[in-house]
Amino acid sequence: MALTAAPKSMAPDATLPDAENEDNIPCEYEKIEFPDLKVVNENQMMISEYYGMQCTSMETQCSESLITPENGNCSNEEAGVRLVESFSSAVTSLDPTSSHKIDTPVSNGSTTESTYVLSAISSSTSQALSATVSSPSPEHKSPQVTEGEADSSAQPKDTIMKPIININVEPEQTVVQQDIVDMYMKSMQQFTESLANMKLPMDVDDDSTTAQTDETNERMQIIKRTSYSSLLFLFCFCFAKFETAPPSKSYSSTLLSTFLRLAIRSPTPFPFSSPFSPPIRRRSTPMDRRIVPPSSDAHVSLPMESRSMSGEIHVILGPMFAGKTTALLRRIQIEMNNGRSVAMIKSDKDHRYGLDSVVTHDGVKMPCFAVSELLSFRDKLGAEAYTKLDVIGIDEAQFFEDLYDFCCNAADCDGKTVVVAGLDGDYLRKRFGSVLDVVPLADSVMKLTARCEICGRRASFTLRKTNETQTELIGGADVYMPVCRQHYVDGGC
Ligand SMILES: Nc1ncnc2c1ncn2[C@@H]1O[C@H](COP(=O)(O)OP(=O)(O)O)[C@@H](O)[C@H]1O
Ligand SMILES: Cc1cn([C@H]2C[C@H](O)[C@@H](COP(=O)(O)O)O2)c(=O)[nH]c1=O
């Protein structure tokens, strides 16, 4: 099956209605003076900061299409086309070998769904395999390694000198022992210096990816050998002392305690290699960054086995028309560009644009899985394909009752990056569904705003224009409008 089918289906659909009636689109849009640069730019800045990205040219293009004054005059459809072009190139650039043929359907979903997910997965897999030189991300900090421990490497003298002062030996032994201790000191000094040159996980930049170079591995080996040999040497000395001339009780216990203290107080808490020893990590260098190209998301170039432990949850909130879906699609686009396998989910309650696409109010669309409950997604996709998935986007999250459990499982257990977009409040400004429940689970939360349709100011709320009172009422600009606080309170007057 041709992969190009996927991007095509992302193209803005000229027949896409905002609501059921396609004729509404021009009318509705005519009423709106676009854009309020303040609001949109601030949203845009939030999104950019939120993603931690320097916009690529492609992203800038997308952003501009949404926020610049010039583009404010261009139709929303134009804006959508630009974004879709990006999507197209994103998909087709993923993997030239896998991008044209997909032989095996992976889900029971529609053809479009299978095509889309598989294409992303295949490219991601190949990229993940090629990225095996990279090391875990900053998020893989060992909880056992603290700032204090990092500092300890910078204070070797104090920690090493103390035990030596406590040694209480006879004068003729002092010379020999001092030599040995000096040798140990020298070894430890080397070890300390080596450690001082290394960086521990808490030093690692957030925006950088790490990779262990050969140089580092070599250094690690030297460190290990040094600490082993110095400790072994000291141990042999203790043992030899016992064999040749059994020392006095006080001398032997002092020596033993010296040995133990030296071992325990050494600048690193784990001079011995043991299954419990946390790995030493260091700050990534420009060299590393060449090995693993910088990206907007530090996780994208992690090897697969590291990713399995690095789930994330990002939540995008706001009233209707705030750009939640746009932000979600952009995020997914970035992930795709970075070779990660992605899947989009939406509630099957929202059938405004059909069930096979997530669609923005600008008409940009992306294939998706429409499900009634999120926990059924794994079955729908298939276990194998689910395992290969890196990123899951969820639109209209307010409609999923099992949002909390799904996000927990996906991020905590399965290591997925989950991007959730939904209404924080309903038309009564009451919490909507479980969206707010996932905030405590989230790594980041972003509330976007729209433009008040009455005064043009920042709009944080959604006003229902009809008299229906049920919480869930599917609709677009025909039923709802974004408003500022004042016009919400005034009831849209
Ligand atoms: N009152 C409005 N304020 C802001 N954007 C609006 C408004 N009405 C229509 N739009 C359009 O809606 C787009 C956002 O759509 P979308 O991402 O689907 O929002 P959401 O998912 O938050 O409802 C904007 O880029 C803009 O073109
Ligand atoms: C405020 C409010 C909204 N809804 C529905 C209306 C739409 O179908 C979706 C929101 O879509 P968008 O992508 O955020 O524009 O939710 C509802 O059912 N009840 C409400 O109170």
Side-chain angles (χ1 to χ4, degrees), residues 12 16 18-20 24-25 28-44 47 62-68 71-72 74-80 82-83 316-331 346-353 357-366 393-400 420-433 435 446-466 468-484 487-488:
L16 274 179
D18 196 12
E20 289 75 21
N24 284 345
I25 302 174
E28 290 301 331
Y29 286 169
E30 272 167 23
K31 279 189 252 164
I32 303 165
E33 296 165 31
F34 284 108
D36 180 345
L37 282 179
K38 249 187 173 173
V39 172
V40 184
N41 270 330
E42 279 172 28
N43 275 351
Q44 189 59 36
I47 291 169
C62 299
S63 309
E64 281 172 356
S65 71
L66 297 168
I67 66 171
T68 60
N71 287 316
C74 83
S75 72
N76 292 317
E77 192 174 313
E78 273 179 289
R82 288 197 191 186
L83 190 52
I316 303 167
L317 306 172
M320 289 180 69
F321 303 97
K324 302 182 300 295
T325 306
T326 304
L328 173 64
L329 295 190
R330 189 171 298 163
R331 170 73 187 226
K346 78 166 188 183
S347 165
D348 64 4
K349 288 177 184 168
D350 188 350
H351 39 73
R352 279 177 291 171
Y353 311 112
S357 300
V358 164
V359 186
T360 71
H361 289 291
D362 296 322
V364 179
K365 58 194 286 196
M366 186 179 208
I394 303 172
D395 199 23
E396 309 285 5
Q398 69 273 6
F399 292 133
F400 291 114
V420 176
L423 295 170
D424 48 334
D426 61 13
Y427 76 103
L428 294 174
R429 299 194 299 182
K430 295 277 169 62
R431 60 187 304 135
F432 202 160
V435 171
M446 177 170 61
K447 174 149 179 170
L448 299 176
T449 50
R451 180 183 175 195
C452 176
E453 292 215 0
I454 297 166
C455 67
R457 280 184 294 181
R458 180 183 292 277
S460 302
F461 315 110
T462 313
L463 193 72
R464 187 176 280 178
K465 299 195 266 188
T466 64
E468 280 109 322
T469 54
Q470 72 269 36
T471 300
E472 292 184 5
L473 176 64
I474 305 299
D478 52 335
V479 183
Y480 299 98
M481 63 178 181
V483 285
C484 66
H487 286 112
Y488 181 86

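Counting convention: from 1, in listed order, for ligands and their atoms alike.
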Just distances here: any N/O of [X] and N/O of ligand 1 closer than 3.5 Å?
X	answer
A450	no
T360	no
M320	no

Q) Does L473 reach ligand 2 with a nitrogen or oxygen that is under 3.5 Å from one of the ligand's nitrogen or oxygen atoms? A) yes
Q. Is the shortest N/O to N/O distance between D426 and ligand 2 below 3.5 Å?
A. no
Do the side chains of [Y] and [X] get nearer than 4.5 Å, heavy atoms only?
X	Y	answer
F432	E472	yes
T360	M366	no
D395	D350	no
Y353	K365	no

Shortest heavy-atom approach to [atom] - which of [options]:
atom	options	result
atom 19 (N) of ligand 2	T471, T462, T326	T471
atom 21 (O) of ligand 2	F399, F321, F461, Y427	Y427
atom 21 (O) of ligand 1	L317, T325, L423	T325
atom 8 (O) of ligand 2	A421, G475, P319	G475
atom 26 (C) of ligand 1	D395, T326, D362, T462	D362

Number the atoms of ligand 2 from 1 as they appear, then name those within less than 4.0 Å of a heavy atom of [X], with their elements.
X	value
K324	14 (O)
I474	8 (O)
E472	18 (O)
Q398	9 (C), 10 (C), 16 (O)
R464	19 (N), 20 (C), 21 (O)
L423	1 (C), 2 (C), 3 (C), 10 (C), 14 (O), 16 (O)

Answer yes or no: is there a donor N or O on one side and an acceptor on the other, between the side chain of [X] and the main chain of [Y], under 3.5 Å?
X	Y	answer
Y427	T469	yes
S357	V359	no
K465	A477	yes
E396	K346	no
R352	G475	yes
D426	L428	yes

Q: Please assess V435 against L317 for the test side chain to side chain contact (heavy atoms under 4.5 Å, CB included), listing each intermediate value before the final yes or no.
A: CA-CA 8 Å; V435 171; L317 306 172; 3.1 Å; yes
(Q) Heavy-atom contact check, 4.0 Å cutoff: does K349 meet ligand 2? (A) no
Q) Do any heavy atoms of R352 fall under 4.0 Å from ligand 2? A) yes
Q | Contact with ligand 1 for P482, non-hydrogen, under 4.0 angstrom | A | yes
(Q) Can you tell me if P319 contacts ligand 1 (heavy atom of the residue under 4.0 Å from the ligand)? (A) yes
How close does the nearest protein non-hydrogen atom get to [atom], and which residue and atom is it?
atom	answer
atom 15 (O) of ligand 2	H361 NE2, 2.8 Å
atom 17 (C) of ligand 2	Y480 OH, 3.2 Å
atom 10 (C) of ligand 2	E396 OE1, 3.4 Å

Q. Once you round to the nearest 0.5 Å, how far does CG of L463 lie from CE of M481?
A. 5.0 Å
Q. What distance separates F461 CZ from H487 NE2, expressed to the nearest 0.5 Å?
A. 13.0 Å
Q) Please walk me through it: do R464 and V479 pass side chain to side chain contact (heavy atoms under 4.5 Å, CB included)? A) CA-CA 6 Å; R464 187 176 280 178; V479 183; 4.0 Å; yes
**Q.** E453 contact mode with ligand 1 (heavy-atom cut-off under 4.0 Å)
**A.** side chain
